[in-house]
There are 2 protein chains.
Amino acid sequence: MRSPTDAPENESRPSRREARRRQTRAEIIAAAWLLVRERGLAGLALRDLGGAVGMKAQSLYSYFESKADIYDAMFHEGYLAFAATIDELMAEIERDQPPGAEVLRRIAHGFFDFCTSDPVRYQLLFQRTIPDFVPSDESYGVAVASYEQFTEQMAAFGLTDPEVVDVWTALLTGLTDQQISNDPGGDRWARVIDQATDMFLAAYAPDLLDTTT
Amino acid sequence: MRSPTDAPENESRPSRREARRRQTRAEIIAAAWLLVRERGLAGLALRDLGGAVGMKAQSLYSYFESKADIYDAMFHEGYLAFAATIDELMAEIERDQPPGAEVLRRIAHGFFDFCTSDPVRYQLLFQRTIPDFVPSDESYGVAVASYEQFTEQMAAFGLTDPEVVDVWTALLTGLTDQQISNDPGGDRWARVIDQATDMFLAAYAPDLLDTTT
DNA sequence: GTCTATAATCTGATAGAC
DNA sequence: GTCTATCAGATTATAGAC
C-alpha cells in the first residue's frame, strides 16, 4: 500500500505524494467555490468542477468520496476562515482593554463583512438550505468551536447571559440577512450597523456606551 | 373556442370551466407546498407533483406554463398569506389606540410565527435561494405592497425614519432566521422576542415603553 | 384536458484498462 | 491517478392521439 518513499502518516511532515494530493484537493475546492458563486450552491455539477481543474468528473472520486464530501470540505474550509476572522477580532479586543463600544461596533462590521462578502459561503455555513447535506463530525466540530469562541468574545464585554447572546446573534444575522436578500451588493443595512450596535449596548451594557457622542 | 354556457371572461362571475380550472390550479399548488415541505424547495419534481394530484406530469402544462410558473404561483399565494397576516396585526393596532409596547410585541410574535411555522415558505418569500427564479411583475407587486403595509404599521408607532425601520426588519428577520437555522422546531429565539422588542423600543420609542414592569 | 411517446439533457457514480 | 465506457436514473418540456 505505502511506497518506500512515503513517510508514516502520523509524522508531522507529510509525504510528497500526500502533499501533492492535498494541494490538488485544495485546488478542487477553490474551483468549487468559484463555480458555486456563479451558479448557486445547489448548482454545483461534478462535470463542470472536473473541467475547471482539467480533469474528468470521474477523476474527482480519487480525491473525494462523493459530492457531499466536497460540500463538507467547503463547509470545513469556510468555518476555518470564520474562525480566523473571529481570531482577528479577538485580537482587537485584547488590544483595547477594557473593551469599549467602538470595539463591539468593529466586531459587528467584521461579522457583517465576512458574511456579505461571500453570500454563498454564508448560505452554506449558516443556513440549512442545501438538501441532504449534513456536515461530518470533524467539520461540525470546527463549527461548534467557532461558536464557543464567539460567546467568549461576548464574555469579554461582560455579556454572559445566554439570552442576551442570542439577541446579539439575532441582530447580527438579521442585518446580514437583510443585506444579502434585499440589497445585494449595496450598503443599506451596512449603514445601520453602528446604531443597531448602540441600541444593543444601551440595553445590555449601557456603561460601555460613551455618552459624549 | 367558448362554449355557450361560458360567461365572458371580463365578467366578475367566472365560467364554470374557469372556476374548475382555478380549483385544479389551487389543488396543484397545495400539493406542491406539501411536497416542498418534505423534500426542500429545490427538490420539487413535476413527476411527483403530477402524481400527488392524480395526473401525469405532462398534464400540469395545461395549468402552468413551466415549473418556474408554479414557483411563481406559490410565491404569489405566500405573499397573499403574508398580507393577510399583516392585516390581522394591523387590526390589533387600531383596536389599541394609541398603540403601545404590547402591540408591537404581538406584531413581532405574529411575524415570527408566520415565518417559522413554514420555513420553506419563508425561504421562497424572503430569501433569494432558489436559482433562476424571478417573480413575475404581478407577484412582485404583491410583495411590494406587503412591504408598504409593513412600513405603515411602523408609522402607526411614530417610527418613520427609514433607517429605524431597517433596524426593526433586521431584528425581526434575525430572530426568525436564527430560530429556523439553529433551533428548528424549538423556541430558543421565540423566548427572546419580547426583550428584543423592548430593546428596540427603549432606543427608538422610549415613551411607548411602560416603565412599571 | 389528459394521455402516450419521446426528445434532449443533465445528474452522480462505478468498473476496469492503463 | 487518470482515463474510457457506461450505468441507471433523474430532470423539464414538446408533439400529437384521443
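Throughout, protein chains are lettered first and strands after them, A, B, ... in sequence-line order, and every chain is numbered starting at 1. Predicted model only: the values in this text are computed from it and were never measured.
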For this session: Output yes when at least one side-chain N/O atom of A:Ser59 is less than 4.0 Å from OP1 or OP2 of D:dG1, else no.
Result: no
For this session: Side chain of A:Met55 only, please: which of D:dT2, D:dG1, D:dT4 is the nearest?
Result: D:dT2
For this session: On the 0 to 90° scale, with breaks at 30° and 60°, tag the A:Phe82-A:Tyr79 ring pair as parallel, tilted or perpendicular.
Result: perpendicular
Problem set entry | Donor on one side chain, acceptor on other, B:Thr169 and A:Gln178, under 3.5 Å | yes
Problem set entry | Any donor-acceptor N or O pair under 3.5 Å, side chains B:Ser136, B:Ser139 | yes
Exercise. Can you tell me how far C1' of C:dA13 sits from CG of A:Leu49, to the nearest Å?
Worked result: 15 Å
Problem set entry | Test item: B:Asp183 side-chain N/O and B:Asp187 main-chain N/O as donor-acceptor pair under 3.5 Å | yes
Exercise. Is a side-chain donor-acceptor pair under 3.5 Å present for A:Tyr204 with A:Glu163?
Worked result: no
Exercise. Want to settle it: does A:Arg47 or A:Lys56 sit nearer the 5' end of DNA chain D, counting the closest nucleotide to each?
Worked result: A:Lys56
For this session: For the pair B:Arg39 and B:Asp48, find out whether any cationic side-chain nitrogen is under 4.0 Å from an anionic carboxylate oxygen.
Result: yes
For this session: Kindly say whether A:Arg22 contributes a backbone atom to a donor-acceptor pair with the side chain of A:Glu18 at under 3.5 angstrom?
Result: no
Exercise. Given atom CG of B:Leu46 and atom C1' of C:dT2, what is their separation to the nearest angstrom?
Worked result: 16 Å
Exercise. Heavy atoms under 4.0 Å, any strand shown: does A:Leu44 hit a base, just sugar-phosphate, or nothing?
Worked result: sugar-phosphate
Exercise. Mapping A:Gly43 and A:Gln58 onto DNA chain C by nearest heavy atom, which one lands closer to the 5' end?
Worked result: A:Gly43
For this session: Indicate whether any N or O donor in one side chain lies under 3.5 Å from an N or O acceptor in the other, for B:Asp177 and B:Tyr122.
Result: yes
For this session: Among the candidates C:dT2, D:dT11, C:dA5, find the nucleotide nearest to the side-chain atoms of B:Ala45.
Result: D:dT11
Exercise. Base, sugar-phosphate, or nothing: which does A:Ala57 touch, judged by heavy atoms less than 4.0 Å apart?
Worked result: nothing
Exercise. Would you call the rings of B:Phe111 and B:Phe126 parallel, tilted or perpendicular, where under 30° means parallel and over 60° means perpendicular?
Worked result: tilted
Problem set entry | Stretch residues 63-75 of chain B: residues that reach within less than 4.0 Å of DNA chain D through a heavy atom | B:Ser66, B:Lys67
For this session: Would you kindly give the CZ-to-P distance between A:Phe133 and C:dG12, to the nearest whole Å?
Result: 15 Å
Seminar exercise, completed: Here the distance between atom P of D:dA13 and atom CG of B:Leu60, to the nearest Å, is 11 Å
Each nucleotide N or O in nucleotides 16-18 of chain C that has a protein N or O under 3.5 Å away: list the pair and distance.
none

For this session: Whole angstrom is fine here: how far is it from CZ in A:Arg22 over to P in D:dG1?
Result: 13 Å
Exercise. Rounded to the nearest Å, what distance is computed from the OH atom of residue B:Tyr61 to the C1' atom of nucleotide C:dC3?
Worked result: 15 Å
